[in-house]
Amino acid sequence: MKFFIDTANLASIHEAMAMGVLDGVTTNPSLLAAEGRRDTEALLKEICAVVQGPVSGEVIATDATGMIAEGRRLAKLSEHLVVKIPTTLDGLKATRALADDGIAVNATLCFSASQALLVAKAGAAYVSPFVGRLDDVSEEGMDLIEDIVQIYGNYDFDTEVLVASIRHPRHVVQAALLGADVATIPPKVIRQLVAHPLTDRGLDAFLADWRKLQGERS
Ligand code: E4P
């Protein structure tokens, strides 16, 4: 399973890389806006240079022609840039055109199995079902992951299932149990994944015993 980090914050990206677990990055217009930099394409380029793996940058256009032009421009920023396209009718047309150009597309804002089926047929490299936002409206986000993994498996689609809108460590574990290809995880949740109170308590006890031994020797 690949781990992407869901942020445009360079410090958080460096921190996750130092943990040795990072395969890529996803951004969206809100995450880029949170960094307060107007040179968003320069920031995306910097992120690609640091990560040397797939980095999703989203188009702002909502019509197919605009998405295709923007996607082609974004793809020129780096060989690692993956163009994020919203899962709409125009998005499908843009996905097919960009995929035919050999550009990797991440179909974002996916909330149904039918949408996931369509973007795979249109040639998307990744589909991003938003599990947290489905949970927010009293649906079971992980049920959608299960459906998509099964559908893609039935037909050997190459599109990778990228679990997005992750809110807590349990989402990551559930995604792994279901065989999702990628989880894109917010920085806070990446830190939570490694934390366990029994690990901290156990380490404290080991070190206390060790210090006691050293005290007895002196
Ligand atoms: C993923 O690509 C999206 O940017 C992200 O996971 C959305 O998460 P949110 O629902 O917490 O905003």
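Ligands are counted one by one from 1 in listed order, and the atoms in each one are counted from 1 as well.
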Fill in: Derivation of the salt bridge (Lys or Arg N to Asp or Glu O under 4.0 Å) call for Glu216 and Arg211
CA-CA 9 Å; Glu216 281 165 8; Arg211 278 192 294 269; over 6 Å; no

Discussion item. Parallel, tilted or perpendicular, judged at 30° and 60°: which one describes the rings of Phe157 and Tyr155?
Written reply: tilted

Response to the item:
A student checking ligand 1 against Asn28 at a 4.0 Å heavy-atom cut-off should list atoms 3 (C), 4 (O)

Discussion item. Counting only heavy atoms, tell me which of Arg133, Glu58, Arg167 gets closest to atom 11 (O) of ligand 1.
Written reply: Arg167

Discussion item. With a sphere of 6.0 Å drawn around CG of Asp158, does it hold more than 12 non-hydrogen atoms of other residues, nucleotides or ligands?
Written reply: no

Discussion item. Please confirm whether Lys84 approaches ligand 1 to less than 4.0 Å, judged on its heavy atoms.
Written reply: yes

Worksheet entry | Distance filter under 4.0 Å to Phe130 heavy atoms, resulting ligand 1 atoms | 3 (C), 7 (C)

Worksheet item: Are any of the heavy atoms in Asp6 under 4.0 Å away from ligand 1?
Response: yes

Worksheet item: Do Asp101 and Arg72 meet the salt-bridge criterion of a basic N to acidic O distance under 4.0 Å?
Response: yes

Worksheet item: Should Val25 and Val82 be regarded as members of a common hydrophobic cluster, given that ILVMFWY residues are connected when their side-chain heavy atoms come within less than 4.5 Å of each other, either directly or indirectly?
Response: no

Discussion item. Suppose I only count heavy atoms of Thr26 and a 4.0 Å limit; which atoms of ligand 1 are within that range?
Written reply: 2 (O)

Worksheet, complete the sentence: Check: of Ala164, Ser165, Ala183, min heavy-atom distance to atom 8 (O) of ligand 1 comes from Ser165

Item to complete: Please report the C-alpha distance between Ser165 and Arg167 in whole Å, then the side-chain angles of each, then the deciding distance to 0.1 Å, and finally whether the side-chain hydrogen bond (donor to acceptor under 3.5 Å, both in side chains) criterion is met.
Response: CA-CA 6 Å; Ser165 188; Arg167 299 280 161 79; 3.2 Å; yes

